[in-house]
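Here the structure comes first, spelled out in structure tokens, and everything after it is commentary.
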Amino acid sequence: MLVYIARRLVYVIPIVVSVALVCFMLVHITPGDPLVAVLPADASQELAAQLRAAYGFDRPLPVQFGLWLWKALHGDLGNSIATGRPVLSEVLRAVGNTVTLAIAAAIIGFSFGLLFGLLAGYFRDSWIDKVSTSIAIAGVSVPHYWLGMVLVIIFSVQLNWLPAVGAGPGGSGQWGWDWAHLKYLVLPAITTSVIPMGIVTRTVRALTGDILSQDFVEALRAKGLRETQVFRHVLKNAAPTALAVMGLQLGYMLGGSILIETVFSWPGSGLLLNSAIFQRDLPLLQGTILVLALFFVFLNLVVDIAQAAIDPRIKRA
Amino acid sequence: MTAITETAPQTAPAGNARGYWSTVGRRLLRDKVSIACALILLLILLSAIFAPYLHLADPYQGSMIRRLKPIGTPNYPLGSDELGRDMLARLIYGGRLSLLIGILPVVLAFVFGTSLGLVAGYVGGKVNTAIMRTVDVFYAFPSVLLAIAISGALGAGITNSIVSLTVVFLPQITRVAESVTTGVRNMDFVEAARASGAGPITIMRVHMLGNVLGPIFVYATGLISVSMILAAGLSFLGLGTKPPEPEWGLMLNTLRTAIYVNPWVAALPGVMIFAVSICFNLLSDGMRSAMDIRN
């Protein structure tokens with residue numbers, strides 16, 4: 001197992017460096033000067049040159065990348081051009097809110113996904129299967145930002161039950177675990193959960209169907225096992241793949257939260273990204289994307305290791 | 001992906017030769033859901049293309065006194081938007097840009113991804129390593145994040161949004177194409193072609209392309225649904241289409257403030273995105289099961 005973990009860790013290093021390179025290059029595919037947000041329109045040539053030197057934009061690209069990476073390794077992602085505050089602290093504060101949202105959505109999405117998927121796979125072609133697959137296909141096809149709007153229309157505008165935007169009373173952005181805060185979480189979490197719910201349902205349904213059609217299930221039944229015990233075997237065999245899919249989905253929820261956070265003004269990394277884009281705050285854009293992508297890489301690593309831990313066949317491959 | 005092995009010519013008993021693809025076609029035609037989805041998509045597509053001949057109101061012509069009329073107002077069958085423009089006309093005209101920015105990235109990614117994957121899978125070795133390791137890097141980003149990152153860096157605009165979505169789907173299609181190609185490469189008929197003196201280009205074009213295109217095509221149709229949602233999403237954020245163009249994602253964005261006045265009109269553009277997205281998903285599912293002859 002330790003050898004497997006070590007090997008996976010070694011594989012991750014080139015990925016991390018490449019991810020950093022992509023994030024670094026983002027600033028350089030931008031049309032125009034990366035300083036465009038801070039430079040006044042009538043800035044003199046000298047001022048522009050001075051600022052460029054101060055930010056290090058006058059050096060050759062590989063040198064810039066090396067310096068940037070070295071600093072990033074030490075937790076220095078530069079300062080936000082718009083606010084002047086360190087990028088890393090801004091990002092980490094926002095990521096906390098995104099994690100809260102993603103975990104709430106994961107609990108909802110994965111439980112329903114597993115439930116629907118197992119039922120649909122077990123009672124294939126029954127009405128339960130048809131209902132579950134319909135819900136699943138709707139879940140993966142719905143534009144979630146629109147679903148968020150519709151939920152706001154129903155539960156905030158028409159019924160006035162839940163708040164439409166924000167993450168807490170007074171718009172403080174400070175999260176707390178009480179009903180005053182939780183009611184802000186309900187609609188965004190449900191909206192975020194529909195895609196993972198649909199994908200988990202579809203995966204688990206297919207898995208269950210495959211496993212049930214294998215010979216060993218026949219053997220278990222012939223041996224006289226009760227149906228609940230057969231079901232336990234199905235669960236055990238479906239677990240590694242289901243776990244991998246759920247891990248990936250959790251990563252998508254963390255990294256792809258920008259649309260939902262924009263709809264609900266949820267003060268997470270997505271909303272931060274949104275403001276970085278529109279204020280052309282490139283260090284903040286770069287830093288947020290780097291942190292989110294590294295999160296995703298790390299999560300994938302954890303999922304791979306967890307998968308190998310519960311399924312010994314993977315280690316040997 | 002199971003379909004590849006079935007494309008080998010064992011389907012043809014002499015006399016009643018029926019090709020693989022015609023079997024798939026017949027199975028698809030019997031699938032009511034797929035047919036219904038295809039018809040809905042065709043209807044949306046044709047009405048978008050022929051919108052100028054449908055005697056609709058001018059989708060750009062606003063009216064300050066007729067803003068946010070509810071659904072069913074005389075002359076405004078689906079109401080009017082925040083600038084008093086006819087919603088029906090804007091929804092139908094909106095199909096033009098929305099479908100273009102949703103479908104084109106997948107088409108581009110299909111063309112380039114299939115080529116890359118074919119080369120990687122067929123040539124193998126260092127070429128394969130170079131292509132597939134680059135693909136891996138893009139897999140390290142969640143697709144929404146990658147789309148936003150590229151679009152955000154390049155700035156708003158239709159071209160940029162198409163470019164960024166193509167970059168998002170390219171690695172995914174390349175990976176599928178590579179794995180399918182690797183599967184086909186070692187089959188006997190490819191060996192036979194090589195033994196009879198066919199060059200690599202001929203082998204790829206004549207003997208392999210036909211066998212790998214099917215599964216890649218089905219995978220790509222499944223991506224259109226995601227692409228529609230993401231493309232409209234970019235416009236919704238203000239990174240795609242610019243006003244006053246009618247486009248579903250952008251319409252959803254500009255109508256967001258109207259949810260307190262006339263909520264159901266504000267939700268209409270999303271219904272269009274949803275409809276197109278779910279139809280492509282169901283159609284892709286239908287094709288996949290039609291191609292899986294074993295069932």
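Every value quoted in this text rests on a predicted model; they were computed, and no experiment measured them. Letters go in sequence order (proteins before strands), and every chain restarts at 1.
Residues of residues 146-153 of chain A lying within less than 4.5 angstrom of chain B, judged on heavy atoms, are W146(A), M149(A), V150(A), V152(A), I153(A) in numerical order. Identified by a heavy-atom distance below 4.5 Å to chain A, the contributing residues of residues 260-273 of chain B are Y260(B), P263(B), W264(B), A266(B), A267(B), G270(B), V271(B), I273(B), in residue-number order. Residues of residues 196-207 of chain A having a heavy atom under 4.5 Å from any heavy atom of chain B, listed by number: R202(A). Interface residues of residues 142-151 of chain B toward chain A, defined by a heavy-atom distance below 4.5 Å and sorted by number: P142(B), S143(B), V144(B), L145(B), I148(B), A149(B), I150(B).
Interface residue V22(A): only side-chain heavy atoms are found under 4.5 Å from chain B. For a residue to count as touching a neighbouring chain, one of its non-hydrogen atoms must lie under 4.5 Å from one of that chain's; by this rule F141(B) touches chain A with backbone and side chain alike. In this structure, the portion of D285(B) lying under 4.5 Å from any heavy atom of chain A is its side chain and not its backbone. With a threshold of 4.5 angstrom between heavy atoms, A138(A) approaches chain B through its backbone and through its side chain. Proximity to chain B is limited to the side chain of I154(A), based on heavy atoms less than 4.5 angstrom apart. In this structure, chain B has a heavy atom under 4.5 Å from the side chain of I15(A), while its backbone stays farther away. If you measure heavy-atom distances from R256(B) to chain A, the contacts under 4.5 Å come from both the backbone and the side chain.
Rounding to the nearest 0.5 Å gives a distance of 5.0 Å between CG of L237(B) and OG1 of T262(A).
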Could you please spell out the steps behind the side-chain contact (heavy atoms from CB on, under 4.5 Å) verdict for F278(A) and L239(B)? CA-CA 9 Å; F278(A) 290 101; L239(B) 283 173; 4.1 Å; yes
So Q158(A) and I259(B), side-chain contact (heavy atoms from CB on, under 4.5 Å) or not? Walk me through it. CA-CA 10 Å; Q158(A) 310 257 332; I259(B) 59 169; over 6 Å; no
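A 6.0 Å sphere centred on CZ of F217(B) holds no more than 12 heavy atoms belonging to other residues, nucleotides or ligands. By the neighbour-count criterion of 12 heavy atoms within 6.0 Å, atom CZ of F295(A) is sparsely surrounded, having that number or fewer from other residues, nucleotides or ligands.
Between Y145(A) and A232(B), the shortest heavy-atom contact is OH-CB, 3.3 Å. The heavy-atom pair separating I229(B) from S141(A) by the smallest distance is CD1-O, 3.3 Å.
The most heavy-atom pairs under 4.5 Å with chain A, out of G238(B), S277(B), A275(B), S225(B), come from S277(B). Ranked by heavy-atom pairs shorter than 4.5 Å toward chain A, the options T134(B), L252(B), V226(B), L234(B) are led by L252(B). Heavy-atom pairs under 4.5 Å with chain B peak, among I289(A), L285(A), V297(A), L248(A), at I289(A). Ranked by heavy-atom pairs shorter than 4.5 Å toward chain B, the options L21(A), L254(A), T288(A), V140(A) are led by V140(A). Contact count against chain B (heavy-atom pairs under 4.5 Å) is highest for I277(A) among I277(A), V16(A), N274(A).
Side-chain contact between N300(A) and Y139(B) is absent, with no heavy atoms from C-beta onward closer than 4.5 Å.
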